[in-house]
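Numbered from 1 within each chain, the chains take letters A, B, ... in sequence-line order.
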Amino acid sequence: MALTGVQIYKFLPKTNCKECGFPTCLSFAMKLAQRATELGACPYVSDEAKSNLEAASRPPVRLVTVGVGEKKIEVGNEVVLFRHEKTFVHPAGLVLRVKDSDADAVAKAKEAAAYSVERVGINMYLDGIAIENDSKDAAKFAKLAADVKAATDVALILMSSDTAAMKAALEKVGEDKPLIYAATADNADAMIELAKKYSCPLAVYGNGLQEVADLTEQAAKAGVEDLVIDPATRGYADSLDALTQIRRLAIKKSFVALGYPVITFPGEGAESIDDEAMLAGMHIAKYASIIVLDNFSPAVAYPLLTARLNIYTDPQKPIQMAAGVYPLGDPKADSVLCVTTNFSLTYFSIAGELENSGYPSHLLVCDTEGLSVLTAWAAGKFDAEKIAKAVKEFKLPDTLSHKKIILPGGVAVLKGDLEDELPDWEILVGPREAMAIGSYLKQNWS
Amino acid sequence: MPSVEIPLEKWTGQVHQVTLGAGGRKTVTVGGENTLPYLHFDGTIPNKTAVAIEIQDIAPADWSPTLLKAWGDVVNDPATWAKKAVEYGAEAILLNLKSAHPDEGNTGIAEAKAVTDKILSAVDVPLIVIGTGVADKDNEILPAVSEAARGQRIAIGNCEEKNYRTVVAVCIADGHIAIPSSPVDLNLAKQLNILLTDAGLPIDAILMDPTTGALGYGLEYTYSVMERLRMAGLGGDKLTAMPIINNVGEDAWKQKEAKVAQGLPESWGDMETRGIIWEEQTAISLMQAGSNLVVLRHPQSVAKVGAAITKLMG
């Protein structure tokens, strides 16, 4: 069970040496209790204290890094089963698999690794390439690994059950800290040795959770703890069961042997691209940390990256839109002007309705620190002064040929104040619900 | 070696079981589970998530070209459209009374009744009828719809604070199910359920609609509100334990990702594929949060989501 900060403090040296980066041992203990730092940051902790604290200070799902540099994949460190309880922490890595039997493998890897798409100001991209030793030829495998490394800048996963092939590939790309996939009951000793030698993270593959746990235990004993686990489930029902059980054991039971990020392969056994994408979508919501896809196309990658963005958004920190004027449907100087707050959901609701209304519009977004209309108004972050300031800041009097602005119906009360702030403007009060904007414009905008 | 013992989650409550369809129609039963979605090892899941297809009483003017291409001419006749939807695997038909909206033709009681009759005789699967969302208008037309379908246990929406009395009254009188809609909020959803049951509606005559935010457009809010509603219901709160209906198609297909062909970044990819995947992803995500009935628009998503549901049932 997790310890409190005070319980942890008892085991620390209590010297307040600050070398851990925190001002006192107590503040370090508090951070440990929140799993916001690692015990290893304290240079003076005794071995006895270490063994006592290790289980408690260890995050329930270990943080594992695959790759190096800017585009490394960091997964794990999850602390909840449901995103509303706190948040999901490290977005699942989305990876494309290429095979060394495929003449187009490098081109496919390059295309996927170069892909990126922007959404709400966030640049989203695929996180890695998995290279599979489908040819069973060690030299071919090593060559493809080297070629993909040269052609891309993303994290790599090396997939082979043959330890000689794995060694050959690691000689070429081991310095990039690829994920070694996978240690199985048959080859565990040799794979663990390779992971140690090249200081690479290691995936373990086991049939059933017990076999997985036995393998992680074996690897951890040998000193390889950066592990990723594959419970060998490939369908909807079996993988949902296994992934839920793994996350539940790790978080609720502090079951160390399964406290690792999970890798899934939704394309194996999928009947279609849609099927693979849906299974991947389910894995994003329910507990996969690395998802290896067998097909890449922008029309599928974009929705999947969006799903990941949605699920991993911190529920306590709503995504905010940048303040500004957003054009919807190619507006002109005489087009509709509406004002709203910068809470992303508010923005999307209104932007969607305006786009569908048939009225090209300008949507003025005020910075309300991510609060919705009524909440922002109640908190004093969405008032007449703020709206008037935004109108001037974004030079609307210069860019528009009219002086009419539509307020959200929920804050009709601001009309009088806004008339004082913008004396030569006509202040219109729109509907309370975004849904009614279309009909409102039909009746009120000329 | 550490031995793996799976911790089971035992809940005290369960989702109410609701059956659509009666009086000689086919029936569809949803809800009844005493576990989180599809966790068969924790409990029992007597009914799968049902898939309905949305049709409209007039040919849609604002639908994505991808949808119009998939349906072709049938959109011009609601009865033909409904039959085609059943062929494509719809377990229920959601009839959207679009033409009754004051902005879309403002048709009245006679038209609403006539189209309801037409669909009821064209297909034998359960029917869901959704009004305009304009409370006064719905109070006018929904009673006529209810009467036309008396004894056939259809589901009727939208039922909101402003018009729930009317909807509840006709549902009780004619033996139907009400669909209360709340704006992505656990407490408001529960409050509306309380109003409905206090007004005399049986607890097994409610399908709640927490408002569906599509992928990229508030999905995460809907997802977490649904997950919290479901956990509250399983925890024993009977007034949050109603089965959940998600109108996935409507919200997914109105987004520009599903609708717009021109002037988009290349990184968005092929429009048809993207739109369908957008709908499918919205559905699969919300199914993980507790959806008991998903309403879809594209025949391909209906097939693929249906296949995924079958697999999830093990």
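- For A:R83, the parts lying near chain B are the backbone and the side chain together; criterion is any non-hydrogen pair under 4.5 Å.
- Under the 3.5 Å distance criterion, with hydrogens and angles disregarded, no donor-acceptor pair is assigned to the side chains of B:T282 and B:Y217.
- Side-chain rings of A:Y347 and A:Y326 approach one another, their centers coming within less than 6.0 Å.
- Across all their heavy atoms, B:A258 and B:A252 have their closest contact at CB-O, 3.4 Å.
- Neither the backbone nor the side chain of B:P102 comes within contact range of chain A; no heavy atom of the residue lies under 4.5 Å from a heavy atom of that chain.
- Taking the side chain as every heavy atom from C-beta outward, B:P210 and B:N246 approach each other to under 4.5 Å.
- Residue A:A257 touches chain B through its side chain alone, counting heavy-atom pairs closer than 4.5 Å.
- If you measure heavy-atom distances from A:L258 to chain B, the contacts under 4.5 Å come from the side chain alone.
- At a 4.5 Å heavy-atom cutoff, the contact between A:S116 and chain B is made by backbone atoms alone.
- Proximity of A:Y125 to B:S267: side-chain heavy atoms (C-beta onward) are nowhere separated by under 4.5 Å.
- Counting only N and O atoms by type, the side chains of A:R119 and A:N310 include no donor and acceptor under 3.5 Å apart.
- The choice from B:D270, B:I277, B:V305 that makes the most heavy-atom pairs within less than 4.5 Å of chain A is B:I277.
- With a threshold of 4.5 angstrom between heavy atoms, A:D241 approaches chain B through its backbone and through its side chain.
- Between B:E280 and B:K304, none of the side-chain N atoms (NZ, or NE/NH1/NH2) sits under 4.0 Å from a carboxylate O, so this pair counts as no salt bridge.
- For chain B, the nearby part of A:Q443 is the side chain; its heavy atoms alone come within less than 4.5 Å.
- By number of non-hydrogen pairs under 4.5 angstrom with chain B, the leading residue of A:P298, A:A351, A:A307 is A:P298.
- Heavy-atom distances place no part of B:D251 under 4.5 Å from chain A, backbone and side chain included.
- The part of B:M231 that comes within reach of chain A is its side chain, from C-beta onward, which places non-hydrogen atoms under 4.5 angstrom from that chain.
- Among the candidates A:V212, A:I273, A:L309, A:L209, the residue making the largest number of heavy-atom pairs closer than 4.5 Å to chain B is A:L209.
- In this structure, a donor-acceptor pair under 3.5 Å is absent between the side chains of B:W268 and B:E257.
- Contact of B:D103 with chain A is made through backbone and side chain together, with heavy-atom distances under 4.5 Å.
- In this structure, no portion of A:I246 lies under 4.5 Å from any heavy atom of chain B.
- B:L36 places none of its side-chain heavy atoms less than 4.5 Å from the side chain of A:T244.
- Looking at B:V225, there are no atoms closer than 4.5 Å to chain A (heavy atoms on both sides), in backbone or side chain.
- Proximity to chain B is limited to the side chain of A:T313, based on heavy atoms less than 4.5 angstrom apart.
- Contact of B:P265 with chain A is not made at all, since no heavy-atom distance falls under 4.5 Å.
- Under 3.5 Å, the side chains of B:N292 and B:E33 contain a donor-acceptor pair of N or O atoms.
- Heavy-atom distances place the backbone of B:E266, and not its side chain, under 4.5 Å from chain A.
- B:T66 and B:H298 share no donor-acceptor pair across their side chains, judged by distance under 3.5 Å alone.
- For A:F82, the parts sitting under 4.5 Å from any heavy atom of chain B are the backbone and the side chain alike.
- A:D214 and A:Q218 share no donor-acceptor pair across their side chains, judged by distance under 3.5 Å alone.
- Within the 4.5 angstrom heavy-atom criterion, only backbone atoms of B:E5 (N, CA, C, O) approach chain A.
- When A:V300, A:I284, A:D274 are compared by the number of non-hydrogen pairs under 4.5 Å with chain B, A:D274 comes out ahead.
- Interface check for chain B: of the options A:E355, A:R248, A:E85, the most heavy-atom pairs under 4.5 Å are formed by A:R248.
- Of the two parts of A:E353, only the side chain, counted from C-beta on, holds a non-hydrogen atom closer than 4.5 Å to a non-hydrogen atom of chain B.
- Between A:F343 and B:Y221, a ring centre-to-centre spacing shorter than 6.0 Å is recorded.
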